[in-house]
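Read the structure below first, then the notes.
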Amino acid sequence: MDLSSLSSDFISVLLFVFRIAVPILCTVVACRCFTSMRLGKRREEPVVVLEDMATHKVIPVLYWENSLGRSRSCDVVLQDPTASRAHAVLMRRESGWLITDTNSKAGTFVNGKKVKEKAPVLPGDVIAMGSTALMLKRTSEVAALPPQPPTRRAAPPSGLMATVMLTQILLGLQLCLASGKISAAPLVPLGILMLVEWALYLYSIKILHHVSFELETIAFLLCGIGLAMQAGTNLKNTYTQLAAIVIGVLFFRFMIWFLGDMDRVMRWRVKIGILAVLLFAANLLLARERNGARNWIVLGPVTVQPSEFIKIAFIIVGTSTLDRLQTYKNLTGFIGFSAICMGALFFMRDFGSACIFFVTFLIIAFMRSGSVRTISLACAVAGFGAFLILKIKPYVAQRFDVWRHVWEHPGDAGYQQVRVLSYAASGGLFGVGLGKGCLKSVFASTSDLAFGMLCEEMGLVLAVTVILILAFLALYARSDATRSRSTLYSISACAAGGLLLFQACLNVFGATDVLPMTGVTLPFVSLGGSSMVAVWGLLAFIKASDERTYAARRRRR
């Protein structure tokens with residue numbers, strides 16, 4: 001349909017209104033989602049209580065995994081000099097409550113019987129640690145617990161999804177009107193994405209009876225923005241990206257199921273680590289070099305980047321339940337696995353991924369050990385390794401030579417960053433419009449330079465909103481850590497959130513010459529099938545840490 005009959009001024013005004021409305025709607029969705037997640041947090045009500053047999057003092061047990069000992073950092077602090085600093089761990093599993101001794105000096109006893117590995121604990125049983133004796137009781141047996149304030153109502157997920165769909169419709173209309181002719185072609189991939197969104201919504205809310213859908217809503221919002229950006233550049237790539245989103249959603253649902261059983265995760269932990277090492281070996285043997293790095297395996301018409309999926313394995317291997325967390329053997333195994341991963345990435349010359357893996361290692365290692373000395377040592381070793389890389393690999397040093405000097409090399413080493421800075425500035429607050437940018441003609445514009453394209457075509461306001469959404473994902477994962485059922489969920493959620501945020505920072509700061517260019521994608525937005533599937537898998541770790549995720553399943557039992 002020819003739009004010549006309509007005033008060009010009217011179309012321009014309409015497109016400008018759409019460009020203003022999209023970041024406003026995105027901000028509304030993000031604010032309502034994060035507010036809803038904060039309101040929907042599980043109240044710190046005791047799951048069970050422990051009664052001191054000597055003083056009859058009632059101690060509330062708030063978490064599914066609780067450290068007991070003399071240390072102030074324990075969840076249940078024992079005022080007993082004969083108890084060890086980290087004496088035992090009381091944890092809840094599907095089979096009931098268990099207690100395990102964590103190499104204490106005096107040992108742990110249940111009803112007078114010494115605990116060797118793990119022992120079940122039933123209401124009425126007495127746990128002895130040092131000279132302290134505690135009886136496990138149900139909360140219903142104790143009437144003196146203070147009342148908890150009522151939980152405030154969270155935002156209805158259907159309303160949030162409707163707002164996301166409206167945002168995507170406005171993005172589609174921008175694409176339709178951008179060329180001066182109405183074409184339904186750009187609407188088709190966005191329409192399919194909407195069907196996928198609502199299918200997952202109906203499955204999660206209506207069939208599984210989940211009460212939370214905020215994380216999925218945020219992910220679909222970002223995917224819609226990325227898909228619209230791809231459609232304005234290359235419609236064929238849009239369908240490739242759409243297929244990756246569908247696979248990512250299926251992988252997300254699989255991960256939610258897999259993480260639902262902590263014992264299953266621990267059983268598969270070593271096997272997953274071995275599989276990750278084999279993937280690295282296959283990558284080193286079969287991968288083709290692309291842009292200086294050997295990180296792509298070609299399987300017929302499909303290219304796969306194994307290091308993206310190994311991010312999932314890296315987090316699974318690094319996590320552990322609290323009773324195993326406090327053993328040096330467990331942490332040593334993770335350090336060894338991390339060294340293998342970093343060595344493989346070095347030989348693959350994928351230094352962007354190496355940085356991401358290293359930061360994820362720091363997050364996991366600190367949450368597991370709490371040792372600043374361990375982290376300082378790891379940073380010192382990494383600094384020495386970076387120095388060696390700059391000496392051994394001259395082309396990596398070249399990136400550092402041009403860093404902060406891209407305007408001196410606009411035609412060669414600084415070509416991409418110079419174009420990003422120039423074209424992004426031309427976009428202003430609300431962009432020049434989808435498909436109307438100049439950066440799309442630059443290599444890797446929709447992947448490594450995605451932030452620059454967002455700034456140019458959709459405006460600085462929307463680009464900053466996207467980064468803030470990813471930052472709040474990391475903050476939410478951190479704030480929800482103490483309320484998770486297990487340290488496995490707490491550590492994995494914080495690691496996944498930190499990984500997503502750091503990867504976004506590398507994409508943004510590398511393209512804008514704040515940091516050296518590393519060639520990593522912007523989560524949920526950049527073109528890249530392996531990356532898209534991986535970020536949905538990472539989102540599952542944050543989802544699993546939310547107590548509400550598995551609440552409906554437990555109610556049905």
Side-chain angles (χ1 to χ4, degrees), residues 37 40-50 58-69 73-77 86-102 108 110 115 117-123 125 127 129 134 136-140 142 145 148 151 210-212 255-267 269 315-316 318-327 330 367-368 476-496 540-557:
M37 287 190 288
K41 283 183 178 179
R42 179 178 67 84
R43 295 174 295 173
E44 289 196 341
E45 295 178 335
V47 187
V48 290
V49 296
L50 294 169
V58 174
I59 305 170
V61 176
L62 301 176
Y63 312 117
W64 278 43
E65 288 185 352
N66 306 268
S67 55
L68 294 82
S73 62
C74 290
D75 299 308
V76 177
V77 180
H87 199 108
V89 172
L90 179 66
M91 53 191 173
R92 177 180 171 182
R93 293 293 181 262
E94 298 294 336
S95 58
W97 287 93
L98 301 170
I99 192 164
T100 180
D101 185 83
T102 51
T108 303
V110 176
V115 175
E117 293 183 356
K118 293 179 182 178
V121 186
L122 301 174
D125 287 348
I127 305 168
M129 294 165 288
L134 303 173
L136 184 75
K137 287 189 173 183
R138 298 185 180 94
T139 55
S140 58
V142 182
L145 292 173
Q148 296 290 330
T151 303
H210 287 174
V211 295
S212 62
M255 287 292 295
I256 293 296
W257 168 81
F258 178 74
L259 294 170
D261 187 338
M262 289 177 284
D263 293 331
R264 175 169 54 218
V265 177
M266 296 309 299
R267 286 197 305 270
R269 182 169 169 262
I315 293 177
I316 290 176
T319 57
S320 180
T321 51
L322 187 58
D323 58 318
R324 303 185 188 185
L325 196 68
Q326 299 178 359
T327 62
N330 201 281
M367 292 191 69
R368 292 189 57 166
Y476 169 74
R478 170 62 188 89
S479 66
D480 203 46
T482 58
R483 300 172 186 265
S484 298
R485 294 188 295 157
S486 167
T487 50
L488 184 149
Y489 296 110
S490 301
I491 296 176
S492 61
C494 289
F541 289 115
I542 305 177
K543 180 76 173 180
S545 72
D546 189 344
E547 174 68 14
R548 299 173 295 166
T549 301
Y550 303 103
R553 185 183 68 177
R554 289 198 301 272
R555 283 198 300 266
R556 291 199 304 270
R557 288 186 172 180

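In what follows, every heavy atom counts, from backbone to side chain, and hydrogens, waters and symmetry copies are set aside. These numbers were taken from a predicted model, which means no experiment stands behind them.
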Kindly say whether M129 contributes a backbone atom to a donor-acceptor pair with the side chain of T108 at under 3.5 angstrom? no
Given side chains that start at C-beta, do those of Y476 and D546 come closer than 4.5 Å, heavy atoms only? yes
Taking M262's backbone N and O only, do any of them form a donor-acceptor pair with R93's side chain (distance below 3.5 Å, no angle check)? no
Give the minimum heavy-atom separation between I256 and A544, together with the two atoms involved. CD1-N, 4.3 Å
What distance do I542 atom CD1 and M37 atom CE have between them, rounded to the nearest 0.5 Å? 8.5 Å
Does the side chain of V76 come within less than 4.5 Å of L90's, by heavy atoms? no
Should L122 and W97 count as side-chain neighbours, where that means a heavy-atom distance under 4.5 Å? no
Is it true that a side-chain atom of K543 and a backbone atom of M255 form a donor plus acceptor pair closer than 3.5 Å? no
Taking all atoms of both residues into account, what is the closest heavy-atom pair of A540 and L259, and its distance? O-CD1, 3.9 Å
To the nearest 0.5 Å, tell me how far W64 CH2 sits from L488 CG. 12.5 Å
Is there a donor-acceptor pair under 3.5 Å between the side chain of T319 and the backbone N or O of I491? no
Which atom of F258 lies closest to which atom of I316, heavy atoms considered: CE2-CD1, 4.2 Å
Using 0.5 Å steps for rounding, measure from the CG atom of N66 to the CZ atom of R92. 11.0 Å
Taking the side chain as every heavy atom from C-beta outward, state whether C74 and L68 have any pair of such atoms under 4.5 Å apart. no
Candidate list L98, V110, I127, test side-chain contact (heavy atoms from CB on, under 4.5 Å), partner V115, passing option: V110
Minimum side-chain heavy-atom gap H87-D101 below 4.5 Å: yes
Looking only at heavy atoms, which two atoms of T100 and M91 are closest? And how far apart? CG2-CE, 4.0 Å
So, does S545 use its side chain to make a donor-acceptor pair with the main chain of Y489 at under 3.5 Å? no
Could you tell me if the side chain of V61 sits less than 4.5 Å from the side chain of P46, heavy atoms only? no
Rounded to the nearest 0.5 Å, the NZ atom of K137 sits from the CG atom of L50 at a distance of 11.0 Å
